[in-house]
Amino acid sequence: MSLNDFQGNEIPAFLGQLNDLTYLNLSFSSFGGEIPPQLGNLSKLQVLDLYADSYGGTAAAELRADDLNWLTRLASLNRLNMGFVRINTSNGGDWLHAVSMLPSLVELKLQYCQLQVLPQSLPLGTNFPSLSVLDLSDNSFNAPIPQWLFNLTGLRELYLRWNFLHGPVPSEFARLKSLEILGLFGSLRKLKVLDLSANDMNGGIQEFISGFAGSPSSSLIFLDLSSNSLEGQLPDLLGVVLHNLQHLDLSSNRFWGSIPNSVGEKMSSLKHLDISYNNMNGSIPDSFGQLSALIDVNLVENSWVGVLKETHMVNLRSLENFKLTTDSSNHSLIFNVPVKWVPPFKLKSIQLENCIVGPSFPAWLQVQNQLTSVTLRNVGISDTIPGEWFSNLPSELTFLVLSSNQITGKLPSQQLKFPRLSTIDLSSNKFEGPLPMWSTNASILYLQDNKFSGPIPRDIGTLMPRLRNLHLSDNTLNGTIPLSICKMADLQVLSLRNNYLSGELPDCWRDLSTSSLWVVDVSNNSLSGEIPSSMGLLRSLGMLLLSENNLVGEIPSSLQNCSALTSIDLGENQLSGEIPSWLAENLSATFVLRLRSNQFHGQIPEALCNLPLLHFLDLSHNNLSGGIPKCLDNLTAIDFQFRMAYFKEETKVVTKGRAYDYNRNLALLNVIDFSENNLSGPIPEEMTKLLSLRVLNLSSNHISGAIPEKIGDLKVLETLDLSHNQLSGEIPATLSSLTFLTHLIVSYNNFSGKIPAGRQLQTFDASSYQGNPFLCGFPSRVKCPTESITTTAPPTTGTEPEDEEDEIFELGTGLYVSIVLGFGFGFLGLCVTLLRKEFRKKDIEW
């Protein structure tokens with residue numbers, strides 16, 4: 001009854017009445033529910049296969065066993081397979097007691113049964129005398145390897161991988177003399193396959209390798225120790241003792257050092273070598289070139305050093321797949337082979353990253369005309385790649401990455417067809433000329449940061465209809481945005497920023513209304529006209545970045561339908577009208593709202609206070625009037641230091657008196673900028689509750705009254721600009737407690753009294769306080785009564801900026817999290833440390 005689809009129905013209980021049945025196979029049949037205990041009546045049954053994974057990839061119904069007592073009555077059973085059956089007994093170790101009552105058992109397979117208890121001893125009086133095959137893989141034991149396993153001396157096959165087993169490797173495996181296949185370590189003459197992958201074994205492998213040394217000739221041909229916590233240097237005995245290996249996988253561990261010479265000198269049969277994702281920080285020996293049978297080699301994600309010469313590759317005539325990457329912080333590995341050297345191999349895939357292959361495009365790569373996957377990222381090539389190399393790539397090509405080099409020249413002008421090509425990444429080079437006219441089914445096209453010129457091909461949507469990510473930013477492209485872009489039904493990211501595109505935004509977004517388009521970034525071009533109302537049909541739109549263009553008109557009300565918007569940047573345009581309140585009422589997911597340098601008028605809508613996730617609010621350089629909303633303390637996200645983002649935004653941020661191009665996570669800035677408007681009234685004391693605010697700019701308005709005394713509560717404030725207003729009273733002493741404050745301007749107001757004492761406020765230049773005729777004390781040059789004027793600043797502690805003119809904006813430590821974008825714009829994040837924020841210094845605003 002195997003290989004059927006019973007759609008989750010229970011196993012019929014009447015099967016238990018077939019008293020003479022010796023063989024019952026219900027595997028791959030999508031049975032569900034509880035296994036009927038009546039099966040225990042089949043006393044003559046020899047083979048029972050209940051393997052519960054589904055057939056044909058359909059979703060499996062859960063077949064479970066809450067009680068295994070019925071098993072104990074199957075005295076004749078010699079083969080039992082309950083893989084993917086959920087064994088959920090009341091006592092976690094009952095499963096072992098039940099199967100130990102089967103004296104004739106030869107094969108026991110309990111793969112992925114969600115077992116969580118691995119008993120450390122057998123029930124008294126049992127020893128599985130006939131057991132030959134035991135599969136306990138893919139459970140969650142999280143325990144040491146039990147000693148009773150070593151008493152099963154008749155075992156030929158033992159599978160224990162993906163069990164989170166921990167502790168050292170037991171030497172008692174030497175007792176299992178009959179093992180041929182072992183999903184764990186062993187010291188065995190007959191052993192051919194050893195698979196320890198995906199556990200938590202630790203320590204070195206010197207002792208394990210030494211265990212084979214006593215055998216005159218090891219039979220081991222397959223060794224997989226991947227995905228553990230093994231560490232140390234690879235012993236030189238590795239190649240000497242295990243010289244018959246054909247498959248060696250040591251990936252995802254903590255090994256360090258160099259590849260032993262013996263690997264190349266002795267492992268003449270080795271076909272597959274994987275040492276990826278380790279801490280290898282040594283060299284690759286010359287003897288590596290003697291591995292004439294080697295087909296696949298994967299050495300990525302290590303820190304290799306040294307020089308690879310012709311001798312490292314001269315005899316690799318079987319090589320088909322070669323992957324090697326080093327630490328991106330330095331090019332510590334160099335390929336130094338003769339420019340015209342022709343290798344003995346024909347590669348199908350190559351991946352080289354962060355090592356030196358250039359500066360020329362070497363002949364040994366040019367002659368590779370059978371490649372289906374090419375990655376040459378950051379390998380120091382500054383040459384022109386011959387056009388015929390692209391033309392000679394096979395139509396089976398699936399992956400082409402040449403990013404982060406200095407490759408020059410033009411791409412072939414003729415139309416090339418790569419029907420299987422999924423990823424094209426030529427970013428961060430010096431390619432010039434028109435964009436390539438390639439016909440592909442690619443989903444990713446990265447051509448940003450080059451010198452491509454001319455228009456975007458009008459039929460790009462026809463040539464590449466399956467594109468999900470289209471990145472053409474930072475080139476010199478001109479012309480209009482073609483309508484055919486809207487034919488890309490799978491489009492998720494459209495990035496055209498920093499070009500010379502003109503004309504109006506296409507009004508074809510209706511064609512993408514059912515797509516998962518998440519990012520539209522056309523900032524810093526010369527686009528004109530109004531924002532098309534059809535953009536409001538993009539229900540999955542998360543980032544709308546249209547800044548630094550010549551767009552006019554009002555913000556279309558249809559955008560309120562884009563409830564997934566997290567970043568809205570319409571700055572540096574000629575947009576007009578009032579800021580609509582629906583921005584807050586309907587777009588509650590917004591992190592960034594940037595409307596600076598437009599012609600908006602009216603009051604700041606109080607509804608903006610209801611944006612629970614807002615971190616970055618820039619309404620500067622408009623014609624806004626009225627008071628600052630008192631409800632800004634509702635922006636609780638400004639007290640929250642975490643944001644998920646998929647697309648790397650880039651915009652101008654004004655801080656510390658300058659405008660910077662900021663290309664990190666804008667929401668981490670925690671900015672409020674209302675400068676250069678016609679705002680009046682006092683600074684609301686409620687703003688002092690925004691405890692994680694880093695930048696506050698209210699300059700060039702008509703704000704009056706005193707600075708709130710609780711301004712000192714903003715402990716992480718770095719920039720405070722209140723200049724060119726009508727503020728009065730004394731400067732609060734609490735300002736001197738803001739130790740992160742590196743830019744302060746209160747000039748051209750009506751402040752009076754003495755500048756508060758304290759190291760922080762005395763570090764700023766006198767210009768920060770000028771234009772306040774009744775303000776006195778250092779660092780101003782106006783003498784207060786009963787004091788003399790000091791002309792030098794107090795000694796610094798070493799934490800203040802040494803050169804304000806060259807200072808780069810630093811925001812401290814935050815988090816930068818990337819999400820993998822899928823349909824429905826879900827947020828899925830993986831936190832990494834956000835290091836120093838880097839900016840490019842721009843025009844001085846003050």
Side-chain angles (χ1 to χ4, degrees), residues 579 583-584 590-596 603-622 624-641 653-656 666-746 749-751 756 760-761 811:
I579 297 175
L583 281 173
T590 302
F591 287 107
V592 174
L593 179 59
R594 187 175 181 273
L595 304 178
R596 69 175 281 122
Q603 296 187 353
I604 298 175
E606 289 196 1
L608 293 183
C609 299
N610 298 324
L611 290 171
L613 303 178
L614 192 66
H615 285 259
F616 187 102
L617 178 59
D618 188 350
L619 308 179
S620 64
H621 292 258
N622 282 285
L624 300 174
S625 58
I628 299 173
K630 294 181 179 181
C631 58
L632 286 176
D633 59 326
N634 291 334
L635 299 178
T636 54
I638 292 186
D639 208 17
F640 185 51
Q641 296 291 333
V653 176
V654 177
T655 183
K656 303 188 178 180
L666 288 180
L668 291 174
L669 287 176
N670 291 338
V671 169
I672 293 179
D673 190 346
F674 295 159
S675 62
E676 296 283 346
N677 280 286
N678 295 310
L679 300 175
S680 58
I683 300 173
E685 186 171 344
E686 288 81 0
M687 294 190 74
T688 63
K689 297 179 182 180
L690 302 175
L691 301 183
S692 291
L693 190 65
R694 294 174 181 265
V695 176
L696 177 59
N697 191 345
L698 304 178
S699 64
S700 299
N701 281 284
H702 306 291
I703 299 172
S704 58
I707 299 176
E709 186 67 28
K710 293 184 178 181
I711 190 81
D713 291 347
L714 305 180
K715 299 298 184 183
V716 297
L717 194 66
E718 299 177 7
T719 292
L720 176 62
D721 192 343
L722 305 176
S723 63
H724 295 277
N725 278 290
Q726 299 170 18
L727 294 166
S728 59
E730 295 186 353
I731 296 176
T734 56
L735 269 179
S736 62
S737 65
L738 299 181
T739 56
F740 286 94
L741 193 64
T742 55
H743 187 77
L744 172 68
I745 300 181
V746 294
N749 280 282
N750 297 314
F751 290 118
Q760 196 67 22
L761 297 185
L811 291 175

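Heavy-atom basis, side chains included; hydrogens, waters and symmetry copies ignored.
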Any side-chain heavy atom of [X] within less than 4.5 Å of one from [Y]?
{"X": "Leu583", "Y": "Thr590", "result": "no"}
{"X": "Leu696", "Y": "Leu690", "result": "no"}
{"X": "Glu709", "Y": "Thr734", "result": "yes"}
{"X": "Leu720", "Y": "Leu738", "result": "no"}
{"X": "Asn678", "Y": "His702", "result": "yes"}
{"X": "Val695", "Y": "Asp673", "result": "no"}
{"X": "Ile703", "Y": "Leu727", "result": "yes"}
{"X": "Ile672", "Y": "Leu693", "result": "yes"}

Spacing of [atom1] belonging to [X] relative to [atom2] belonging to [Y], to within rounding of 0.5 Å:
{"X": "Ile579", "Y": "Gln603", "atom1": "CD1", "atom2": "CD", "answer": "11.0 Å"}
{"X": "Ile731", "Y": "Ile711", "atom1": "CD1", "atom2": "CD1", "answer": "11.5 Å"}
{"X": "Asp721", "Y": "His743", "atom1": "CG", "atom2": "NE2", "answer": "5.5 Å"}
{"X": "Glu606", "Y": "Lys630", "atom1": "CD", "atom2": "NZ", "answer": "9.5 Å"}
{"X": "Gln726", "Y": "Asn750", "atom1": "CD", "atom2": "CG", "answer": "7.5 Å"}
{"X": "Ile604", "Y": "Phe674", "atom1": "CD1", "atom2": "CZ", "answer": "4.0 Å"}

Smallest separation among heavy atoms of [X] and [Y], with atom names:
{"X": "Ser692", "Y": "Asn670", "answer": "O-ND2, 3.0 Å"}
{"X": "Ser737", "Y": "Gly712", "answer": "OG-O, 4.0 Å"}
{"X": "Leu617", "Y": "Leu608", "answer": "CD1-CD1, 4.4 Å"}
{"X": "Asn634", "Y": "Cys609", "answer": "CB-O, 3.2 Å"}
{"X": "Pro708", "Y": "Pro684", "answer": "CG-O, 4.3 Å"}
{"X": "Asn622", "Y": "Arg596", "answer": "ND2-CA, 3.9 Å"}

message: What verdict does the side-chain hydrogen bond (donor to acceptor under 3.5 Å, both in side chains) test give for Ser620 and Glu676, after you've listed the backbone C-alpha separation in whole Å, the side-chain angles of each residue and the deciding distance to 0.1 Å?
response: CA-CA 6 Å; Ser620 64; Glu676 296 283 346; over 6 Å; no
- request: List the steps and the verdict of side-chain contact (heavy atoms from CB on, under 4.5 Å) for Leu679 and Leu698.
  value: CA-CA 9 Å; Leu679 300 175; Leu698 304 178; 5.8 Å; no
